[in-house]
Number of protein chains: 2
Amino acid sequence: MISPTEENYLKALFALSQNKDGVTANELSKHLDIKMPTVNSMMKRLADKGLVNYESYKPFSLSVEGKRRAALIIRKHRLTEMFLVQKMGFEWDEVHPIAEQIEHIQSDIFFEKMDFLLGYPHTDPHGSPIPSLEGELPIIINKKLSDCIVGQEVTFNAVSNSSPEFLKFLKDKKMALGLSFTIVNIEDYDGSVDIKIQDLPKVTLSKIVSDKILVV
Amino acid sequence: MISPTEENYLKALFALSQNKDGVTANELSKHLDIKMPTVNSMMKRLADKGLVNYESYKPFSLSVEGKRRAALIIRKHRLTEMFLVQKMGFEWDEVHPIAEQIEHIQSDIFFEKMDFLLGYPHTDPHGSPIPSLEGELPIIINKKLSDCIVGQEVTFNAVSNSSPEFLKFLKDKKMALGLSFTIVNIEDYDGSVDIKIQDLPKVTLSKIVSDKILVV
DNA sequence: AATATTTGTTAGATTAGTCTAACTTATTGT
DNA sequence: ACAATAAGTTAGACTAATCTAACAAATATT
């Protein structure tokens, strides 16, 4: 058996090892806001359970089984977020803390029902992919808005950060997933991006924002 | 703050003190399947928090605030059961273990959304009343089928026991809440009850069953 | 009423998950 | 290359929630 606490460590390892080999004790400690010795002893425990690869003074990594478990927790989290938005009338900036709790519910049928009722979605409300029941995470080929070039027409496909503040900001700016727009200018000085949505007046997005907007 | 474990003790106290003044350590211990010394120290902790009245060698009772808290947990449990059945397609014998976990989710808005989507129901799928947001439990005037007399026409309104086995038994016998029927005979010898639903052939229910069926 | 049994309490141990303080190993900067 | 700094580890303490063993109080039985 695996406790909610242990699940949270696996999830953090998974999230921090995207585009990277290992995760350092320091990174994990900061990300979870838990002191290093605590992280350390938990890593040893998860290593004993065969979910983490642990070698003294080296970064940690998930074992194949650990990776699968982590993906399944993320699956439950993202299905829950989608369910809260699509079936319960929540806004996309309200769902994270609730999903954070519901992802630990132990009932396969509960999440299967959600999946069915949602019509087997591939992404959550923030455009993040939902891992399969086998723990496979489909790779989605989004790029940062800040890496695009002037003149391109792109579609807003996902956000790379789901903090309530950022999501609220986008909601207030009427920026929703699926929205298509043209890049009319990128400011050399501060990297801010001007976009134009059909005939509406152009909107300026700072680099801080355009870094977190993923488009296709 | 109050932990899920503490919530479970409050719920148990509430359930066991229906139609009774206090709850003994022994009863609680058996009901929760937790040893007496553990129950004892938890009662002291809840007494420190002002939720339980504790006096050495006397039965425990909930304080006014403890009673309110307990009712709110039961509210979350019952709303969840109703949501699982009405909105997610579960059967009434499947929902208890899931609701047992979801009742501890900390998010008022989550349960308010459920309540709204369900149209503010007054009972759960087993006919048990849902406490109000103020922690008030409406009293419903059901009586046991086994206490009725021959010739009465009654409506199946609730069950007094929600074990999956019993609920499955009723489901297989096509006995659902809201069903009306006439009591055609009560056997003196074993207390079994014969009922007749419209023109269908009569059904015999043992005393064990008719004790747990509540009608109006 | 005296004793036996059941019920309740206290004491001490255990595991999970956290911390701080102290120490060790790695990395970095001159 | 070596000292300074950062990162990782070990040791020891704490709280929550559980247990067993031993003791005390209440209740039941003869």
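Residue numbers start from 1 in every chain, and the chains themselves are labelled A, B, ... in the order their sequence lines are given, proteins ahead of strands.
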To the nearest angstrom, the CE-C1' distance between A/M36 and D/dT5 comes to 13 Å

In whole angstroms, the gap separating C1' of D/dT18 from CG of B/N8 amounts to 14 Å

Checklist entry - Using a cut-off of less than 4.0 Å, is there contact between a side-chain N or O of A/Y54 and OP1 or OP2 of D/dT9? => result yes

note: A/I34, atom CD1; C/dA16, atom C1'; distance rounded to Å ~ 12 Å

- According to the interplanar angle, ranging from 0 to 90°, do the rings of B/F83 and A/F83 count as parallel (below 30°), tilted (30 to 60°) or perpendicular (above 60°)? perpendicular

From NZ of B/K35 across to C1' of C/dT9 the rounded distance in Å is 16 Å

Base, sugar-phosphate, or nothing: which does A/T5 touch, judged by heavy atoms less than 4.0 Å apart? sugar-phosphate

A/N26 atom CG is separated from D/dA6 atom P, nearest whole Å, by 11 Å

Just checking A/K44: base, sugar-phosphate only, or nothing, at a heavy-atom cut-off of under 4.0 Å? sugar-phosphate

Exactly one of A/Q86, A/H126, A/K76 clears side-chain hydrogen bond (donor to acceptor under 3.5 Å, both in side chains) with A/E81, and that residue is A/H126

B/N40 atom CG is separated from D/dA21 atom P, nearest whole Å, by 18 Å

Among D/dT9, D/dG8, C/dT9, the one nearest any side-chain atom of A/T24 is D/dG8

Of the candidates D/dT9, C/dC19, D/dT18, the side chain of A/T38 sits closest to C/dC19

Among the nucleotides C/dT9, D/dT18, D/dG8, whichever has the atom closest to the side chain of B/P37 is C/dT9

- Message: Tell me whether the rings of B/Y54 and B/F60 are parallel (<30°), tilted (30 to 60°) or perpendicular (>60°).
- Response: parallel

Rounded to whole Å, the OH-P distance (B/Y57 to D/dA24) equals 9 Å

- Query: Which class fits the ring pair B/F166 and B/F169: parallel under 30°, tilted 30 to 60°, perpendicular over 60°?
  - Reply: parallel

